[in-house]
There are 2 protein chains.
Amino acid sequence: MQDSFKISMDEFLPLRDVVFKTLRQAILTGELKPGERLMEIHLANKLGVSRTPIREAIRKLELEGLVTMIPRRGAEVSQITEKSMQDVLEVRRNLDALCAQLACERISKEELDALEEAKNDFEETVKTKDFKLIAQKDVAFHDIIIKATNNMRLITLINNLSEQMYRYRFEYIKDFSQHPTLIKEHQDIFNAIKAGNSEKAGEAAVIHIDNQKKAIIAQIRLDKLNKSGMKQDDQQHE
Amino acid sequence: MQDSFKISMDEFLPLRDVVFKTLRQAILTGELKPGERLMEIHLANKLGVSRTPIREAIRKLELEGLVTMIPRRGAEVSQITEKSMQDVLEVRRNLDALCAQLACERISKEELDALEEAKNDFEETVKTKDFKLIAQKDVAFHDIIIKATNNMRLITLINNLSEQMYRYRFEYIKDFSQHPTLIKEHQDIFNAIKAGNSEKAGEAAVIHIDNQKKAIIAQIRLDKLNKSGMKQDDQQHE
DNA sequence: GATACGTGGATTGTATACAATTAAGTACAA
DNA sequence: TTGTACTTAATTGTATACAATCCACGTATC
């Protein structure tokens, strides 16, 4: 473990929330790896707080599914299996389609303009090959659609499901050959929403997810192979 | 407040989980009413534990959406507005359809038998007019379908969404006139799943939710009227 | 009489202390 | 050498103590 993630004090939030965000970020970026134990005293020292906010943050991570509790042993970062990712994607497939459909009915003129801009912005950014920025612009595009549903519960759910994919989405974006496909899919989604064609929008969203699914699942299988192939070098020292 | 909910010590779980379940139950049954504050010391005394498990339980309820945090004021039971229920139902409508579709593809022979039995069981129970039992048998029927999807993430999500409807589902079941409809809808769902007809199963599930939606929304509007009509008798004494 | 200010109590936020349990290591015996 | 029992260290689970903040009430002044 790199021992590098730091608490960001710029926010005026209860420590538990700062810790929650910090730990979540660390898990999503892979800084805390699946299977790794979250030891309270250790984390408390590292983040410069007491055990109380750490524990409360862990309770939230637990309900979010990012950590798994083992009685009397504490929390560890949840494993991402192919099955668990299949499950996530199966649900997202439907909810993303729902989002696109609802957006057709509910999107405002301003939001539609913003969506078009986000689409163009994404296309421009793809040319730069700056993966981090591309991922960011991709999120921006989809966020507009999700927000346009005006369904708070749906927004929360999609964000939570996206989290689970976060570590692998990057691999998809890194694949140059997929970039034209990505752009095409975004265009299809945008055009369908602009035309107010729910059916087409839903279909386009499904295609978009299915393509990502292929890449993500392939990556997971690759990871698993690497992992099982590795000698026992992966002992975690302090 | 009735001051009546008690901790059940029969389980061998961390106190935080016992408290979590206890508080959730109290909220879902309406024992703790929307807007009511959850004061830690108070709850700790009532349940005979310290503040620590109470706080950790509240963190989980917070993420589940059953309580709302107000900085420096603590937690209060979340309000159920018509909008929030519309949002929940909009998502459930889709996920229930997904469940039914997936069940068509994945249900085992044993599960299908169990589903038929649950269906018949429900029909028998409806005759008794025992609302609590009817609700229970209804849950049992749907649980089999949900479990048959073999998608853990979906199961968790549906259970969480069901929770939000819990308080109002009862009102629907109390309405005698709806009983034949309920039975018919269960039959339709069962037949479609038995026939392996995903499309029909999805449609049947949607109809089932839509009918419940009518009843639930009507009930919420009624509640709101009663509430706003009430004189200020609802001051909360100790 | 109304409004502004101050003070005290109640409640949350955070830290620490204590208890219980697990896990590992070591020594001793078969 | 292996197995078992005991001891000790580490970690979680729970309780309590302390700090900071907010809210309501009362008083004083305009």
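Sequence lines set the chain letters: A, B, ... in the order given, protein chains first and strands last, and positions in each chain run from 1. Treat the numbers as computed from the prediction; the structure is a model and nothing was measured.
Atom P of nucleotide C/dT11 and atom CD1 of B/I54 are separated by 14 Å, given to the nearest angstrom. B/L15 places its CG atom 17 Å from the P atom of D/dT12, with the value rounded to the nearest Å. Distance, B/I41 CD1 to D/dA17 P: 12 Å, rounded to whole Å. As a whole-Å value, the separation of B/E56 CD from D/dG13 C1' is 8 Å. We find that CG of A/L13 is positioned 15 Å from C1' of C/dT12, with the value rounded to whole Å. Rounded to whole Å, atom P of C/dT11 lies 7 Å from atom CZ of B/R37. The separation between A/L47 atom CG and C/dT14 atom P is 13 Å, rounded to whole Å. The distance from atom CE of B/M39 to atom C1' of C/dG9 is 13 Å, rounded to the nearest whole Å.
For C/dG13, the OP1/OP2 oxygens have a side-chain nitrogen or oxygen of B/R55 closer than 4.0 Å. Side-chain nitrogen and oxygen atoms of A/S50 include none within less than 4.0 Å of the OP1 or OP2 phosphate oxygen of C/dT14.
Salt-bridge check for B/E111 with B/K147: failed, with every basic side-chain N at 4.0 Å or more from each acidic carboxylate O. Using a 4.0 Å cut-off between charged side-chain N and carboxylate O, B/K46 and B/E31 make no salt bridge. The pair A/D210-A/K214 does not meet the salt-bridge criterion, since no charged nitrogen lies less than 4.0 angstrom from a carboxylate oxygen.
Nearest-nucleotide assignment on DNA chain C puts the 5′-proximal partner with A/R51, out of A/R51 and A/R72. Residues A/R73 and A/P53 each lie close to DNA chain C; by heavy-atom proximity, the contact nearer the 5' end of the strand is made by A/P53.
Residue contacts for B/I70: at a heavy-atom cut-off of 4.0 Å it reaches no nucleic acid atom on any strand shown. Using a 4.0 Å heavy-atom cutoff across all strands shown, B/R16 reaches sugar-phosphate atoms only and no base atom.
A tilted orientation is assigned to the rings of A/H186 and A/F122, their planes being inclined by 30° to 60°.
With contacts defined as side-chain heavy-atom distances shorter than 4.5 Å, the pair B/I146/B/L154 does not qualify.
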